[in-house]
Colleague: 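The following block contains the structure, expressed as structure tokens.
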Amino acid sequence: GVDIQVLWPTLFLERIADRPEAEIAVCKSYNRWLAHIWQEGKGRLRWICVLPLQTMSEALEQLRVAHAHGAVGVFMRGIENEHLLHDPYFFPLYDEVSTLNMAIGVHAGNANPYVRELLAQRNLPGTFWAYRMSSIGAFHSLVMAGLPDRFPKLRMVFVEIAAQWVPWTLKDLARRLPQQRGRELPENPMQAYRLYVACQSDDDLPYVLKYTGEDNMLMGTDYGHHDHAADLEGLRNLQTAGGISEHVYMKIVDANPKAAYAL
């Protein structure tokens with residue numbers, strides 16, 4: 001029952017190359033491969049491109065080519081090399097992504113080798129802290145820094161970190177923003193700020209949806225990749241055991257991803 005699948009990479013969860021010229025080559029190769037996959041899929045396989053973010057001019061060029069060949073978003077990690085996601089370094093990227101009507105896709109991951117290794121010490125593989133928590137921290141920092149207001153058309157999708165963290169994070173932002181930034185959190189911040197999160201079928205969705213709203217929740221399955229986040233029967237499980245109505249289910253698997261990825 002799947003009409004369209006949006007493909008995300010795994011190889012790029014960590015920094016793939018220290019030398020910018022090597023990163024440029026690997027990203028270009030990956031994007032060329034997915035452009036071919038998109039062409040073979042006749043529109044059913046859309047994809048998230050990977051960009052050489054150490055070299056912004058090249059990243060913007062590869063972005064435009066990827067967009068012309070079926071890409072619907074840009075792959076980013078919670079920490080990108082020496083930059084956090086609200087760093088002005090990325091503003092040219094966010095401008096161009098907004099212009100192209102694409103999304104920024106924040107996947108569990110960490111592109112700073114030092115931080116990655118620090119958080120994994122005596123904690124191997126250490127992916128909860130190094131990968132998942134860095135993405136949650138990125139979400140918090142983006143809102144604190146006012147990035148959604150600076151880029152009023154930018155959509156951001158947070159995947160493979162489940163959705164249970166959203167209520168806690170929004171609660172903290174509601175308390176912290178007035179004190180530290182003199183701003184109030186909107187009544188429905190996910191909708192107001194165009195933020196989307198991918199759930200897992202075992203999330204407590206009736207509770208989480210009170211905070212995310214019905215229009216900003218997606219579903220990720222990790223289909224074709226079996227690890228702790230894989231939920232290969234996730235779409236069926238969500239429908240039968242997710243504790244949600246058929247109306248909300250159809251939003252999560254159809255209307256919301258269409259909006260998030262501009263499908």
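Computed over heavy atoms, backbone and side chain alike; hydrogens, waters and symmetry mates excluded.
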Colleague: Apply side-chain contact (heavy atoms from CB on, under 4.5 Å) to the pair Leu205 and Leu238, showing each step before the final yes or no.
Modeller: CA-CA 9 Å; Leu205 286 178; Leu238 183 69; 3.1 Å; yes
Colleague: Going through the checks in order, is the side-chain contact (heavy atoms from CB on, under 4.5 Å) test met by Met144 and Arg176?
Modeller: CA-CA 8 Å; Met144 284 293 291; Arg176 200 176 295 265; 3.9 Å; yes
Colleague: Between Thr55 (side chain only) and Glu58 (backbone N and O only), is there a donor and an acceptor less than 3.5 Å apart?
Modeller: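 Side chain of Thr55 to backbone of Glu58, a donor-acceptor pair under 3.5 Å: no, none is there.
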Colleague: Are the side chain of Gln62 and the backbone N or O of Cys49 linked by a donor-acceptor pair below 3.5 Å?
Modeller: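 It does not hold such a pair.
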Colleague: Taking the side chain from Arg116 and the backbone from Glu14, do they hold a donor-acceptor pair closer than 3.5 Å?
Modeller: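 Side chain of Arg116 to backbone of Glu14: no pair is present.
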Colleague: A side-chain contact here means heavy atoms from C-beta on lying under 4.5 Å apart; do Ile161 and Val106 qualify?
Modeller: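 No. Closest side-chain heavy atoms not under 4.5 Å.
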Colleague: To the nearest 0.5 Å, what is the distance between CG on Leu173 and CH2 on Trp168?
Modeller: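 So the CG of Leu173 and the CH2 of Trp168 are separated by 10.0 Å.
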Colleague: Rounded to the nearest 0.5 Å, how far does NE2 of His69 lie from CD1 of Ile37?
Modeller: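 Interatomic distance, Ile37 CD1 to His69 NE2, rounded to 0.5 Å: 14.0 Å.
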Colleague: Classify the ring geometry of Phe75 against His107: parallel below 30°, tilted from 30° to 60°, perpendicular beyond 60°.
Modeller: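 Tilted, since the angle between the ring planes falls between 30° and 60°.
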Colleague: Does any pair with a residue in residues 79-96 pass salt bridge (charged side-chain N to carboxylate O under 4.0 Å, His left out), and if so which ones, sequence neighbours excluded?
Modeller: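 For residues 79-96, and leaving out neighbouring residues, the salt bridge (charged side-chain N to carboxylate O under 4.0 Å, His left out) pairs sorted by first residue read Arg15-Glu82, Arg64-Glu96, Arg77-Glu80.
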Colleague: Spell out, yes or no, whether Trp38 and Phe12 are grouped together once hydrophobic residues are joined by side-chain heavy atoms under 4.5 Å, including indirect joins.
Modeller: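 In one cluster: yes.
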Colleague: After noting the C-alpha distance and the side-chain angles of Thr169 and Phe139, does the key distance pass the side-chain contact (heavy atoms from CB on, under 4.5 Å) rule?
Modeller: CA-CA 8 Å; Thr169 307; Phe139 178 100; 3.7 Å; yes
Colleague: Which distance, rounded to the nearest 0.5 Å, do you find between the CD of Gln5 and the CG of Asp3?
Modeller: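 With rounding to 0.5 Å, CD (Gln5) is 11.5 Å from CG (Asp3).
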Colleague: Under the criterion side-chain contact (heavy atoms from CB on, under 4.5 Å), I'd like the reasoning laid out for Arg32 against His36: C-alpha separation, chi angles, the key distance, then a yes or no.
Modeller: CA-CA 6 Å; Arg32 185 169 58 242; His36 176 71; over 6 Å; no
Colleague: Does one side chain, of Glu160 or Gln200, offer a donor that lies under 3.5 Å from an acceptor on the other?
Modeller: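 Judged by distance alone, the side chains do not pair up.
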Colleague: Does any N or O in the side chain of Asn110 come within less than 3.5 Å of the main-chain N or O of Tyr131, such that one atom is a donor and the other an acceptor?
Modeller: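 It does not hold such a pair.
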Colleague: Counting N and O atoms only, with roles assigned by atom type, does the side chain of Asn112 sit under 3.5 Å from a partner on the main chain of Asn81, one being a donor and the other an acceptor?
Modeller: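 Indeed, once roles are kept as given, a pair shorter than 3.5 Å links the two residues.
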Colleague: Restricting to side chain to side chain donor-acceptor pair (under 3.5 Å), what partner residues turn up for Arg44, sequence neighbours left out?
Modeller: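 Once residues adjacent in sequence are excluded, Arg44 has no partner under the side chain to side chain donor-acceptor pair (under 3.5 Å) criterion.
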Colleague: Considering only heavy atoms from C-beta outward, does the side chain of Ile48 approach that of Val74 to under 4.5 Å?
Modeller: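 No. Closest side-chain heavy atoms not under 4.5 Å.
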Colleague: Is there side-chain contact between Val157 and Tyr261, with heavy atoms separated by less than 4.5 Å?
Modeller: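 SC-SC contact between Val157 and Tyr261 confirmed.
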Colleague: Side-chain heavy atoms under 4.5 angstrom apart, residues restricted to Ile, Leu, Val, Met, Phe, Trp, Tyr: same cluster for Leu147 and Ile79?
Modeller: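 Yes, same cluster.
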Colleague: Quick check for you: to the nearest 0.5 Å, what is the distance between Met190 atom CE and Leu170 atom CG?
Modeller: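 The CG atom of Leu170 is 6.5 Å from CE of Met190, to the nearest 0.5 Å.
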Colleague: Between Asp203 and Ala163, which heavy-atom pair has the shortest distance, and what is it?
Modeller: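 What the structure gives for the nearest pair is OD2-N, 3.0 Å.
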Colleague: Mind listing the closest non-hydrogen atom pair of Leu100 and His67 along with its distance?
Modeller: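 Looking at all heavy atoms of both residues, the shortest contact is O-NE2, 3.3 Å.
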Colleague: Which atom names give the shortest non-hydrogen contact between Leu154 and Arg194, and what distance separates them?
Modeller: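 Minimum heavy-atom separation between Leu154 and Arg194: O-NE, 2.9 Å.
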Colleague: Shortest non-hydrogen contact from Val26 to Ile16?
Modeller: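 Looking at all heavy atoms of both residues, the shortest contact is CG1-CD1, 3.3 Å.
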Colleague: Donor-acceptor check, side chain of Glu214 to backbone of Ile252, threshold 3.5 angstrom: yes or no?
Modeller: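 No, the answer is negative, given that no donor and acceptor are paired below the 3.5 Å cut-off.
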Colleague: Just jot down the side chain to side chain donor-acceptor pair (under 3.5 Å) partners of Gln191, sequence neighbours excluded, or say none.
Modeller: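 Scan of Gln191 (side chain to side chain donor-acceptor pair (under 3.5 Å), adjacent residues dropped) gives Asp215.
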Colleague: Tell me whether Trp47 is reachable from Trp33 by hopping between hydrophobic residues (I, L, V, M, F, W, Y) whose side-chain heavy atoms are closer than 4.5 Å.
Modeller: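 As far as the 4.5 Å side-chain criterion goes, Trp47 and Trp33 are connected within one cluster.
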Colleague: Ala162 and Val197: which non-hydrogen atoms are nearest, and at how many Å?
Modeller: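 So the minimum-distance heavy-atom pair works out to O-CG2, 3.5 Å.
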Colleague: How about Phe91: does its CZ atom have over 12 heavy atoms from other parts shown lying under 6.0 Å from it?
Modeller: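 More than 12 heavy atoms, drawn from other residues, nucleotides or ligands, come within 6.0 Å of this atom.
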Colleague: Can you tell me if Ser134 uses its side chain to pair, donor with acceptor, with the backbone of Gly109 under 3.5 Å?
Modeller: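 Yes; at least one donor-acceptor contact below 3.5 Å.
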Colleague: Using the salt bridge (charged side-chain N to carboxylate O under 4.0 Å, His left out) rule, collect all pairs that involve residues 146-158, keeping only residues at least two apart or in two chains.
Modeller: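 Passing the test, one end in residues 146-158: no pairs.
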Colleague: Which value, rounded to the nearest 0.5 Å, describes the distance between Ile24 atom CD1 and Leu51 atom CG?
Modeller: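 Answer rounded to 0.5 Å: 11.0 Å.
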Colleague: Just verifying a value: how many Å separate Arg132 CZ and Phe158 CZ, rounded to the nearest 0.5 Å?
Modeller: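 Interatomic distance, Arg132 CZ to Phe158 CZ, rounded to 0.5 Å: 14.5 Å.
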Colleague: Any pair with a residue in residues 45-57 that passes salt bridge (charged side-chain N to carboxylate O under 4.0 Å, His left out), sequence neighbours left out, goes on the list, sorted by first then second residue, please.
Modeller: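 Those involving residues 45-57 do not exist here.
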Colleague: Does the Asn31 side chain pair with the main chain of Cys27, one donor and one acceptor, at a distance under 3.5 Å?
Modeller: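 Yes; at least one donor-acceptor contact below 3.5 Å.
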Colleague: Would a distance-only check, ignoring hydrogens and angles, find a side-chain to backbone donor-acceptor pair under 3.5 Å from Arg181 to Gln179?
Modeller: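 Between the backbone of Gln179 and the side chain of Arg181 there is no qualifying donor-acceptor contact (under 3.5 Å).
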Colleague: Scan for ring-ring contact (aromatic ring centres under 6.0 Å, His included) pairs involving residues 179-209, sequence neighbours excluded, and state none if there are none.
Modeller: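 Every pair satisfying ring-ring contact (aromatic ring centres under 6.0 Å, His included) with a residue in residues 179-209: Tyr207-Tyr211.
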Colleague: Asn256 side chain to Met217 main-chain N or O, any donor-acceptor pair under 3.5 Å?
Modeller: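 Confirmed, Asn256 side chain pairs with Met217 backbone.
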Colleague: Would you kindly confirm whether Val143 and Tyr94 end up in one hydrophobic cluster when ILVMFWY residues are joined by side chain heavy atoms under 4.5 Å apart?
Modeller: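 Yes, Val143 connects to Tyr94 through the hydrophobic network.
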Colleague: So with a 6.0 Å cut-off around CD of Gln180, is the heavy-atom count from everything else above 12?
Modeller: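 For Gln180, atom CD is crowded (more than 12 foreign heavy atoms under 6.0 Å).
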Colleague: Minimum heavy-atom separation for Tyr30 to Pro9, with atom names?
Modeller: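 Nearest pair, atom of Tyr30 first, then Pro9: OH-CB, 3.3 Å.
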Colleague: Flag yes if Val208 and Met156 sit in one hydrophobic cluster, no otherwise; membership is Ile, Leu, Val, Met, Phe, Trp, Tyr, and two members link when side-chain heavy atoms are under 4.5 Å apart.
Modeller: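 Per the 4.5 Å side-chain linkage, Val208 and Met156 are co-clustered.
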